[in-house]
2 protein chains.
Amino acid sequence: MLYLHFKEKEYPLKMKNFYARHDRLYVAVDSVIFGFDGEQLMLLLIRRNFEPCKGSWSLMGGFVKKEESVDEAASRILYALTGLKDIYMEQLHCYGDPLRDPGARTISIAYYALIKVNEYDRERVSRHNAQWFSIQSIPALVFDHNRMVNDALEALRQKAKHQPIGFELLPEKFTLPQLKKLYDAIYQKNFDKRNFSKKILSMGILERLNEKVKNHSIRPASLYRFDRKRYKQLLKEGFHFGI
Amino acid sequence: MLYLHFKEKEYPLKMKNFYARHDRLYVAVDSVIFGFDGEQLMLLLIRRNFEPCKGSWSLMGGFVKKEESVDEAASRILYALTGLKDIYMEQLHCYGDPLRDPGARTISIAYYALIKVNEYDRERVSRHNAQWFSIQSIPALVFDHNRMVNDALEALRQKAKHQPIGFELLPEKFTLPQLKKLYDAIYQKNFDKRNFSKKILSMGILERLNEKVKNHSIRPASLYRFDRKRYKQLLKEGFHFGI
DNA sequence: GCAAAAGTGTTCGGGCTACACCCATGA
DNA sequence: TCATGGGTGTAGCCCGAACACTTTTGC
């Protein structure tokens, strides 16, 4: 705070020494990218075409640059793979074992991102040799990435209980059966559809549209939209989302 | 994984180049150290006798060394201040704004620790000019440390709802009124003492001792101990702690 | 008209909340 | 004997869980 007005070269010498005594480490970010295909929760993984562990499956990641924030690095790296900006991302955890990356001492800040499974840039994705995997069948990943995935799933489950983040995984307009299937997939449960609609509709955060969608040549379902404004208003009034 | 058998000098050249292209950053850890004095939730802060921001109040922190894990660094730093080992600590969040530390580009991994307020090494604490502050009256801290404290409080509140971590802040033997006061302090509420004891005792994780304690010359209260073995057993049976 | 998924209400029980009085002790 | 905090039980209400049948459409 006190020193914000110094340019780097002007720091008092003792301050420069204070930092210079210490080690500097590579700082990576890795992204657990979730999607939802209508039935299963999915994960976007890349096949590494670079060392170390070339040819293995891996989370998308990259190194934090000196002049960017860690959050910005995470967004930049998500953009590089998907072409998407302004995506819901949460910092998950910092993984800091000195042996976790055999190539060099690298700590990694893992994030998880929720994207709509149809709205990404397919050209970028194929350029990175990326593929979607069901969370039921995740391959062996490099380093500690499987642990990151497990931790991300757990964090997503916790978060989705108390925050309306499921909508980040669905298209703008969706049906109640779709929404229920999403929560079924997240929690590997089979929610009761009556109780589920009662609960979600009673919150008053869904706007029912005057449109229906014909699913697979059966009875069409009503479309809904998540009403963000209404949700924020309710938050101010002390409302608490909960599944 | 594949490269674990290489010593650093033997890495393939392309791997060394892969890392060498990137920036290395200072990585700090900062600890939000909580205690409980019987009435209020307390925070252990140091007055910095080193630059930058010498003389200001600050969380205890330090830099991660190349050969230690981030968790180890956090434990080492907690030990340096308190002389305590094997303390309950949770990683909180990584703070990665490039301007957060005006001295140099430093990311910080914040932790929170729960210690018993009477069991620390007073000599070390005074050597670091450290003092306890009530969470009601936290002074202005350096950098983004106030934000860390707020985030740690929020995380502690969330965690303590679902995990029996409150006991980390109490002596081995404690009374129900003490425990209630602790939760009162954490949530800034006034729990109903009847409902509180009903709930906590019904979980079956407290062992009632055949001892009483004379508080302050009033009616003595029964002492209890948190039964860790029983708790772990219950966990296996699907039990879920909850306040 | 039949197959397939959408949509809709009620009942029951358990848990949370609110609430007030007596008890044990030290001064 | 009085002041102080420890300790205990009950009743109402709300919310979550369980559960089945009718409706709409395409084929």
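Residue numbering restarts at 1 for every chain, and letters A, B, ... go by the order of the sequence lines.
Interatomic distance, CD of A/E207 versus CZ of A/R225, reported as 5.0 Å (0.5 Å rounding).
Between A/E72 and A/R76 no salt bridge is recorded (no basic side-chain N to carboxylate O distance below 4.0 Å).
In the region residues 198-205 of chain A, proximity to DNA chain D at under 4.0 angstrom, judged on heavy atoms, holds for A/K198, A/K199. Within residues 184-194 of chain A, the residues approached by DNA chain C to less than 4.0 Å at the level of any non-hydrogen atom are A/K193, A/R194, in residue-number order.
Ring-plane geometry between B/Y112 and B/Y88 is classed as tilted, the angle between the planes lying from 30 to 60 degrees on a 0 to 90 degree scale. Using a 30° and 60° split on the angle between ring planes, A/Y187 and A/Y183 fall in the parallel class, below 30°.
Shortest non-hydrogen contact noted between A/G35 and A/V117 is CA-CG2, 4.4 Å. The two residues B/Y95 and B/D144 have their closest heavy-atom pair at CB-OD2, 3.6 Å. Residues B/L141 and B/N146 approach most closely at N-OD1, 2.7 Å, considering heavy atoms. Nearest heavy atom pair, residue A/L92 against residue A/A155, reads CD1-CB, 3.6 Å.
The residue among B/N195 and B/T175 whose nearest nucleotide of DNA chain D is located toward the 5' end is B/T175. For the pair A/R219 and B/L176, both in contact range of DNA chain D, the more 5′-proximal nearest nucleotide belongs to B/L176.
Residues meeting the ring-ring contact (aromatic ring centres under 6.0 Å, His included) test with A/F133, sequence neighbours left out: A/W57.
When DNA chain D is scanned 5' to 3' for any atom under 4.0 Å from a heavy atom of chain B, the first and last hits are D/dT4 to D/dT10. Here the range on DNA chain C touched by chain A, meaning any atom under 4.0 Å from one of its heavy atoms, is C/dA4 to C/dT10.
Here the side chain of B/K180 pairs no donor or acceptor atom with the backbone of B/K193 at under 3.5 angstrom. Without hydrogens or angle criteria, B/K116 side chain to B/L170 main chain gives a donor-acceptor distance under 3.5 Å.
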Identify each donor-acceptor pair in which a side-chain atom of residues 230-243 of chain A lies under 3.5 Å from a protein atom, sequence neighbours left out, and give them as a table.
| from | atom 1 | to | atom 2 | distance (Å) |
| --- | --- | --- | --- | --- |
| A/Q233 | NE2 | A/E237 | OE2 | 2.9 |

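Aromatic rings of B/F174 and B/F167 (six-membered ring for Trp) have centroids within the 6.0 Å cut-off, being under it.
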